[in-house]
Amino acid sequence: MRTKVVIIGGGPSGLLLSRLLSLENIDNVVLEKQSREHVQGRIRAGVLENGTIEMLRLAGVSKRLDNEGFKHNGIELSFKNHGFRIDLKKLTDKHVTVYGQTEVTKDLYEIIEKENGNIINCAEDVLPQKVGEINSFVTFKKNGIENKIMCDFVAGCDGYHGISRKVIPENLINVFERIYPFGWLGILSETPPVKEELIYANHGNGFALASMRNNNLSRYYIQTSLDDRVEAWDDKRFWEELKRRLPIEASESIITGPSIEKSIAPLRSFVCEPMNWNNLFLVGDAAHIVPPTGAKGLNLAVSDVYYLFKGLKKHYLFNDDKDLKNYSTKALSRVWKAIRFSWWMTTTFHKFPEQTSFDQRIQDSELEYLENSIASQTVLAENYVGLPYEEL
Ligand code: APR
Ligand code: PHB
């Protein structure tokens, strides 16, 4: 079998790239390790920047998003149980859209299948081979049978634990990493969100976040230590701790209920440079990870898709490789700004185990400054709603 682009990984970045290429009649095959049900069962952040929405619109999957997504013109921040609002709309003339990543993935799967796209689920032992040579190919097993797909390009959209980054010789890449000394304990509950907008809270006991999926589905998080276990947090303990950390007004009005999902996730920042090796291009979590504070993960994956899609389109339609050659540089320039922003959100809102009273005062004054300075709020707002994509 032969195709133009083999896409390894059928998460949001792989699916979006596949759909955009198909719309330009550029043949591609998606090889996904897991079943469709598994991929669609993952619960991940759902705050979409305008650039992300535009890309989903280009892919023809914005109908449900336009109907069901919540437009948020602001966010609430709090410290010492006192909240204040960042008016995103007023500061940037932009908003964000709250729409679960799970839904984005479902929408993409549906349209790709309807339009006879090529997604191979449950593909085992996927391996890109002869990368950079004229006869590159990808091998995999399906139902125990060995398969081989010849291709021009490989898009590594297979997340942090995928194979694509690992086949690049170690001496050809640089890795930058920060592991944070805490995790997030998150729950989903079928209760109305405590407020129409998200609340990011800095509290003496640690960070808390109030988010949502829809009018009767709330998503809440609290910072926990790395060795904490989900079993140690029954619902009662979770709600008590969350209330302690949220601004007073929110903790007084929050409606609690049984959790329908509960999990702990570690926080890390990670970047791999460059984001390609010859004709193998890394996209999304395969190349970089951000901590969830600021919800940049999915948005960054989509901006990578933007740069790679443009590059592949120019290659096939105009025989011009300039943008493909610049892919890594262009994508990384935006990636690093989001890495910086989510690192800043994380360090400003969390308690670090080694935090001194000096560090505490610095955090408090950072937040006080933010509350009272339009300049400081503007910096946060323009990063939160998403920095522009660079024209190619
Ligand atoms: N072979 C094939 N598929 C693989 C392999 C492999 N060896 N390893 C992983 N995969 C699949 C995973 O099962 C998953 O479906 O690749 C997909 C990668 O998807 P994500 O991890 O969601 O990564 P990505 O598509 O880049 O999405 C962007 O940014 O911060 C996050 O929450 C955000 O998940 C979102 C991500
Ligand atoms: C979420 O809803 O899961 C969410 C929202 C905002 C974040 C992180 C996670 O910054």
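Just the heavy atoms: all of them, side chains too, but no hydrogens, waters or symmetry mates, feed the values below. Every number for a ligand or one of its atoms is a count from 1 in the order of the listing.
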Legend entry - Protein contact of atom 3 (N) of ligand 1 - nearest heavy atom, named by residue and atom, plus distance: Lys33 N, 3.2 Å
Legend entry - Non-hydrogen atom of Arg213 closer than 4.0 Å to ligand 2: yes
Legend entry - Contacting atoms of ligand 1, where contact means under 4.0 angstrom from a heavy atom of Ala301: 28 (C)
Inset, instruction - Could you check atom 7 (N) of ligand 1 against the protein and tell me its nearest heavy-atom contact, residue, atom and distance included? - result: Ile163 CG2, 3.7 Å
Legend entry - Shortest protein contact, atom 17 (C) of ligand 1 (heavy atom only): Glu32 OE1, 3.6 Å
Legend entry - Donor on one side chain, acceptor on other, Lys142 and Asn121, under 3.5 Å: no
Legend entry - Heavy-atom side-chain contact between Pro292 and Leu267 under 4.5 Å: yes
Inset, instruction - For the residue pair Tyr307 and Tyr389, categorise the inter-ring angle as parallel (less than 30°), tilted (30 to 60°) or perpendicular (more than 60°). - result: tilted
Legend entry - Parallel, tilted or perpendicular, as decided by the 30° and 60° cut-offs, for the rings of Phe341 and Tyr384: perpendicular
Inset, instruction - Answer with yes or no after comparing the ring centroid distance for Phe182 and His350 against a 6.0 Å cut-off, counting only values under it. - result: yes
Inset, instruction - For the pair Trp239 (side chain) and Gly257 (backbone), establish whether a donor and an acceptor sit closer than 3.5 Å, ignoring hydrogens and angles. - result: yes
Legend entry - Donor-acceptor contact below 3.5 Å, side chain Glu54 vs main chain Glu49: no
Inset, instruction - For the pair Thr346 (side chain) and Thr293 (backbone), establish whether a donor and an acceptor sit closer than 3.5 Å, ignoring hydrogens and angles. - result: no
Inset, instruction - Could you tell me whether the side chain of Leu324 reaches within less than 4.5 Å of the side chain of Lys314, counting heavy atoms only? - result: no
Inset, instruction - Count the heavy atoms of every other residue, nucleotide or ligand shown that sit under 6.0 Å from CD of Glu249, and state whether that count exceeds 12. - result: no
Legend entry - Nearest neighbour in protein (non-hydrogen) for atom 14 (C) of ligand 1: Arg42 NH2, 3.1 Å
Inset, instruction - Can you pull out the closest protein heavy atom to atom 2 (O) of ligand 2? Residue, atom name and distance to 0.1 Å, please. - result: Ser211 OG, 2.5 Å
Inset, instruction - Just jot down the ligand 1 atoms closer than 4.0 angstrom to any heavy atom of Gly162, in number order. - result: 8 (N)
Inset, instruction - With heavy atoms of Val47 as the reference, note each atom of ligand 2 found under 4.0 Å away. - result: 5 (C), 6 (C)
Legend entry - Sub-4.0 Å atoms of ligand 1 with respect to non-hydrogen atoms of Leu31: 2 (C), 3 (N)
Inset, instruction - Please identify which atoms of ligand 2 are closer than 4.0 Å to at least one heavy atom of Leu198. - result: 5 (C), 6 (C)
Legend entry - Side chains of Asn299 and Thr52, donor plus acceptor under 3.5 Å: yes
Inset, instruction - Distance to 0.1 Å, residue and atom name: give those for the protein heavy atom nearest to atom 20 (P) of ligand 1. - result: Arg44 NH1, 3.7 Å
Inset, instruction - Give the numbers and elements of all ligand 1 atoms closer than 4.0 Å to a heavy atom of Ile8. - result: 1 (N), 2 (C)
Legend entry - Test log, rule side chain to side chain donor-acceptor pair (under 3.5 Å), inputs Tyr180 and Thr347: CA-CA 9 Å; Tyr180 300 92; Thr347 47; over 6 Å; no
Inset, instruction - State whether the shortest distance between N or O atoms of Ala295 and N or O atoms of ligand 2 falls below 3.5 angstrom. - result: yes
Inset, instruction - Identify whether NZ of Lys or CZ of Arg in Lys262 sits under 6.0 Å from the centre of the six-membered ring of Phe238 and within 45° of that ring's axis. - result: no
Legend entry - Atom indices of ligand 2, in the order listed, that fall short of 4.0 Å to a heavy atom of Arg219: 3 (O)
Legend entry - Which residues share a salt bridge (Lys or Arg N to Asp or Glu O under 4.0 Å) with Lys313, sequence neighbours left out: Glu24
Inset, instruction - Would you please classify the geometry between the Tyr200 ring and the Phe349 ring as parallel, tilted or perpendicular, with 30° and 60° separating the classes? - result: tilted
Legend entry - atom 27 (O) of ligand 1: the protein heavy-atom neighbour that sits closest, reported with distance to 0.1 Å: Pro12 CG, 3.5 Å
Legend entry - atom 9 (C) of ligand 2 - nearest protein heavy atom and its distance: Ala45 CB, 3.5 Å
Inset, instruction - Mark up the atoms of ligand 1 that fall under 4.0 Å of a heavy atom belonging to Gly284, in ascending order. - result: 26 (O)
Legend entry - Chi angles and distances behind the side chain to side chain donor-acceptor pair (under 3.5 Å) call for Thr102, Lys106: CA-CA 6 Å; Thr102 315; Lys106 273 187 203 157; over 6 Å; no
Legend entry - Test: Arg165 cationic atom under 6.0 Å from Tyr160 six-membered ring centre, within 45° of axis: yes
Inset, instruction - Report the part of Leu209 (side chain from C-beta onward, or backbone N, CA, C, O) that has a heavy atom under 4.0 Å from ligand 2; answer both or neither where that applies. - result: side chain
Legend entry - Option nearest atom 32 (O) of ligand 1 (shortest heavy-atom distance, choices Lys296, Arg36, Gln101, His38): Gln101
Legend entry - Of the listed options Asn299, Asp285, Asn121, closest to atom 36 (C) of ligand 1 (non-hydrogen atoms): Asp285
Inset, instruction - Under 4.0 Å from a heavy atom of Cys157: give me the atoms of ligand 1 that qualify, with their elements. - result: 16 (O), 17 (C), 18 (C)
Legend entry - Protein heavy-atom partner closest to atom 8 (C) of ligand 2 - residue, atom, separation in Å: Pro292 O, 3.3 Å
Inset, instruction - Do me a favour and list the nearest non-hydrogen protein atom to atom 3 (O) of ligand 2 with residue, atom name and distance? - result: Tyr221 OH, 2.6 Å
Legend entry - Protein heavy-atom partner closest to atom 10 (O) of ligand 2 - residue, atom, separation in Å: Tyr200 OH, 2.7 Å
Inset, instruction - Check each atom of ligand 1 against the heavy atoms of Ser13 and keep those under 4.0 Å away; list them by number with element. - result: 24 (P), 25 (O), 26 (O)
Inset, instruction - Mark up the atoms of ligand 1 that fall under 4.0 Å of a heavy atom belonging to Gln34, in ascending order. - result: 13 (O)
Inset, instruction - Looking only at protein heavy atoms, identify the closest one to atom 30 (O) of ligand 1 and say how far it is in Å. - result: Gly297 CA, 3.1 Å
Legend entry - Nearest protein heavy atom with distance in Å, relative to atom 9 (C) of ligand 1: Asp158 O, 3.1 Å
Inset, instruction - Mark up the atoms of ligand 2 that fall under 4.0 Å of a heavy atom belonging to Gly294, in ascending order. - result: 10 (O)
